Amino acid sequence: MATTIHEPPKIEKQGSAPHPVGGNGGGRNLVPAGADLARVKDYAPPPASTGIWVVLASISMTFAAFTSALIVRQGSAPDWRHLALPQILYFNTLVLIASSVTLEMARRQVGAYMAGPRDQTAAPARWLYITLLLGLFFVSGQYVAWLQLRAQGLYLATNPNSSFFYVLTAMHGLHLLGGLGGLVRVIRRLDRSILRKSTLDATSRYWHFMDVLWVYLLLLLWMKL
Amino acid sequence: MHDMSHTVHHHAPPTSFIRKHIFSLDHKVIGKQYYGLALVAVLVGMVLSWIMRIHLGWTNYAIPGLHLLSSNGAPGNVMTPEYYLQLMTMHATIMVFFVLTTAPFAAFGNYFLPIQVGAEDMPFPHFNMMSFWVTFVAFLVLVASFFVGDGPTLGGWTQYAPLSAVGAVGGPGEGMGVVLWAASIAIFCVGQLLGSLNFITTTLDMRTRGMSLWRLPLSAWAWFITSCMGLTAFAVLMPACILLILDHVAGTSFFVPSNLVINDQLQPHSGGSTLLWQHLFWFFGHPEVYIAIVPGMGIVSHVLITNMRKPMLSHRVMVYSMGALAVLSYMVYGHHMFVSGMNPVSSLAFSFPTLIITIPSTIIVLIWLGSLYGAKLRINTASLFALGFVSMFISGGVSGFFLAQPSIDIMLHATYFVVGHFHMVMGVAAMFGIFAGTYFWFPKIFGRMMNETLGKVHFWLSFVGTYCIFMPFHYLGMAGNVRRYQAFVIEYMQPLIPVHRFITVAALVTGAAQFIFLYNLIHSRFWGKPATDNPWQATSLEWSTPTTPPPHNNFGDKLPVVYHDPYQYGVESSTGDYLMQASPEQVKTAYDEA
Ligand code: HEM
Ligand SMILES: [Cu+2]
């Protein structure tokens, strides 16, 4: 199976625009007739590269809102009860970090594969499958953590700490499932030879962000609960 | 020279009916869908306001058929106090979310942002399609609350806790009604986040050759700035709604404090923070009012410039001011909470940025007025509505200066003064922005002109009518008339009832005048005079499309190349007194002479 990876043509970056930077809304010809239009604007990056930062900004806002809710709620009443985090969370964390590493391996391999001769046949998807597996492992691990809490009689509404624990882990888990969906999409596109590098990069940024977000949430829960 | 017709993605024109008109990926169809949704929503919202106004003027008058709307809300066709609040909540929620956010931002932005930047479409068309359909589902969920249990929630569009979080014991609609409200809004947030993602990436990545950021028309800037606000504001409202739903369905205590007794029943919740809801809500809520108005500012500037035949005094200051509004709008939200029991020091801290945010607003207004001064404005329905927007924004903004000071707000808070303030500065102004955009862009969207005579009648009735409705609100507020009351039985308020009756009559007449618009819209769609490609002799890219309405990929097989700033008016070119952005022609300009 030959895999070609399509990228939009790259145009080398030009220096700063030669014309005075205009912009009073009218009254200027910014491009003299016959001038080199390439100097006016570079090709924009593929939208996925910008889009992923936009998505991450918005997810950050959501979790910032949850965080401030947690802090305000903690200060609002004396019913904040200490909660021992299930030990499995630390194991899950290692699994998630490992998945980020394997995803980087995958990205390297796919990159080398794209640069290499077109007739090579090695399947670069192997590390992607491993990442996918580790991701699923993490989600199951989180579920086990919930079961352990339930076994201790700590439910969603038991006390504010358990409420925040379930809400934050569930929200993170949902976002992570989205990342798993993204990985599946990358694998399918790779198989069909229509993967763009920018898609792979965007997906892996998302995945690493989920990783960092989880470490942040774990710290928050560990400090506050 | 490089190949000019670069394309970032392709999708072939759809052939099946479903892909063409229902689950369409075309930003233009999605824009029209959003407009249609807003139109349905605004009709529902307006009818609700009529019912409320009749009740406020003539409290015991039986409104025929009212009992059909609710099984227990209107015995004998006279609404109960609770039912009044339910109607008010639905009116506000529908108007703020499904009209003022969808029409100027999602509808016009979807249709024209990609065209104005010179793109074939938005970069993520599937997300764009989802954005509309998710919003549509949100609307259905909200309207469904009319038909479940004891009807929709009565908590107002701000849904203050704890009453919004305790469940059915809080009153009619406080059980299932709130859950549906919060679910609807959370879903709505998802839709707008998807939309904002597309708007931002369209502006940053999809601009055609030559379209630098400073060459974007003011309308495109406004949509871009609004989408940046939307991205952050809706991302905060959504978690707030999730927590609110959990307090209902899972028995958590995020917003309900301990030992709360409601209707003689001790609530099982403990330790929640009622102020937490207000913080989360207003962190969204204040930016939201700018999400509603900034697109209107952009549309109105665009329309005014075209009809003045000259650019604004300063394009850049206009953009910077809109940007400043967006940034500041996150720092002022506490001015809605001056009397909430928040720390008075916080009140003071929120009052400063609130006064500062009047500076960019004032600059924007001064640029409009200064540019209009001495301009030979072409008078047509679009430019009249643009002037109406400016007028309303000023009249409504002035009252903001008063409210911004905690000492004055303590008296005016929760009175009709606030209701007058936000209806003028946000409600009516944004509606006028929508009208200006409709009359201006209709020829491009449908290839036909709207009827100008009917348009002008519509304008004058709306303009005079809305002043008659909302100016007296300020007077009522200063006289101490509290908002959200369903009847004015307290002695000191009784002399105010004639004012309320006047307002009710004005509201019914003004509302009826909107059917002229509806008729004009539908009639012109099918039988209007055919429009040319550029009926207003305008310069931006939406007027350079090869056909009207634009083809599926907007520009045919070649994307346009942009040679000029957006508003080249008052020049001498081969086309007349203007030069289109996509025209390679060179002219001598005022700037060159200077
Ligand atoms: C000139 C700048 C403005 C200032 C200083 C200002 C100030 C205020 C203040 C202090 C309040 C709270 C009053 C109270 O509840 O006691 C308020 C309410 C409100 N303002 Fe403004 N405002 C300004 C412009 C705007 C604009 C441009 C919009 C919308 C486009 C807007 C929409 C609203 C709304 C919707 C409310 C009421 C929300 C509610 O309680 O339901 N304001 N404003
Ligand atoms: Cu505000």
Side-chain angles (χ1 to χ4, degrees), chain A residues 8-9 11 17 21-38 40-41 43-51 53-55 57-66 68-69 72-80 155-160 162-164 166-167 170-171, chain B residues 1-2 4 6 8 123-124 193 196-197 200-201 204-207 209-212 214-215 218 231-232 235-236 238-240 242-243 246 250-254 257-258 270-273 275-276 279-280 283 305 310-312 314-316 561 563-569 584 586-587 589-591:
Chain A
I11 304 284
V21 186
N24 60 348
R28 281 196 216 204
N29 298 301
L30 284 180
V31 183
D36 185 2
L37 283 164
V40 176
K41 179 182 163 276
Y43 270 103
S49 320
T50 314
W53 292 113
V54 177
V55 170
S58 153
I59 296 177
S60 307
M61 281 307 286
T62 298
F63 281 90
F66 278 124
S68 56
V72 171
R73 179 63 182 77
Q74 182 190 22
S76 79
D79 62 347
W80 202 253
Y155 298 91
L156 178 55
T158 308
N159 61 42
S162 64
S163 302
F164 275 106
Y166 283 106
V167 168
M171 286 305 287
Chain B
M1 201 181 283
H2 296 288
M4 288 176 200
H6 78 277
V8 177
F124 309 111
L193 289 172
S196 298
L197 166 66
I200 293 175
T201 43
L204 293 180
D205 292 345
M206 304 291 282
R207 280 169 289 133
R209 185 58 64 80
M211 180 60 89
S212 62
W214 284 118
R215 289 188 186 178
L218 287 171
L231 191 81
T232 28
V236 170
M238 189 181 56
I242 292 175
L243 296 185
L246 287 179
T252 53
S253 306
F254 293 108
S258 310
S270 81
S273 164
L275 270 189
L276 172 59
H279 279 293
L280 291 174
F283 185 85
I305 291 170
K310 66 175 198 186
M312 287 290 165
S314 172
H315 188 75
R316 288 200 166 194
V561 174
Y563 293 86
H564 307 283
D565 274 358
Y567 300 120
Q568 297 271 23
Y569 292 105
Q586 296 290 299
V587 292
T589 67
Y591 181 82

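Keep in mind it's a predicted model, so treat the numbers as computed, not measured. Numbered from 1 within each chain, the chains take letters A, B, ... in sequence-line order. Scope of the values below: all heavy atoms of this structure, side chains included, with no hydrogens, waters or symmetry mates.
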Heavy-atom side-chain contact between A:Arg73 and B:Ser253 under 4.5 Å: yes
Rounded to the nearest 0.5 Å, how far apart are CG of B:Asp205 and OG1 of A:Thr50? 3.0 Å
How far does CE of A:Met61 sit from CE of B:Met238, to the nearest 0.5 angstrom? 11.5 Å
With a 4.5 angstrom heavy-atom cut-off, could you sort out which part of [X] is near chain A: side chain, backbone, both or neither?
X        : result
B:Leu231 : both
B:Ile242 : side chain
B:Leu197 : both
B:Leu218 : neither

Taking every non-hydrogen atom, the tightest pair across [X] and [Y]:
X        : Y        : answer
A:Ala69  : B:Leu276 : CA-CD1, 3.6 Å
A:Ala157 : B:Gly251 : CB-O, 3.4 Å
A:Asp79  : B:Gly271 : OD2-CA, 3.6 Å
B:Phe254 : A:Ser163 : CZ-CB, 3.7 Å
A:Pro47  : B:Thr201 : O-CG2, 3.9 Å
A:Thr62  : B:Ala235 : OG1-O, 2.9 Å

Pair count under 4.5 Å, heavy atoms only, with chain B: among A:Leu156, A:Ile59, A:Val55, highest is A:Leu156
If you count heavy-atom pairs under 4.5 Å between each of A:Ala64, A:Ser76, A:Ser162, A:Ser68 and chain B, which one has the most? A:Ser76
Strictly distance-based, threshold 3.5 Å: is any side-chain N or O of B:Thr252 a donor or acceptor partner for the main-chain N or O of A:Pro160? no
A:Val167 versus chain B, the contacting section by heavy-atom distance below 4.5 Å: side chain
Taking everything shown except A:Trp53 itself, do over 12 heavy atoms lie less than 6.0 Å from its CH2? no
I'd like to know which of B:Leu193, B:Thr232, B:Leu280, B:Ile200 tops the heavy-atom pair count under 4.5 Å against chain A. B:Thr232
For a side chain to side chain contact (heavy atoms under 4.5 Å, CB included) check, start with the C-alpha distance between B:Leu275 and A:Val72, then their side-chain angles and the critical distance, and finish with the verdict. CA-CA 9 Å; B:Leu275 270 189; A:Val72 171; over 6 Å; no
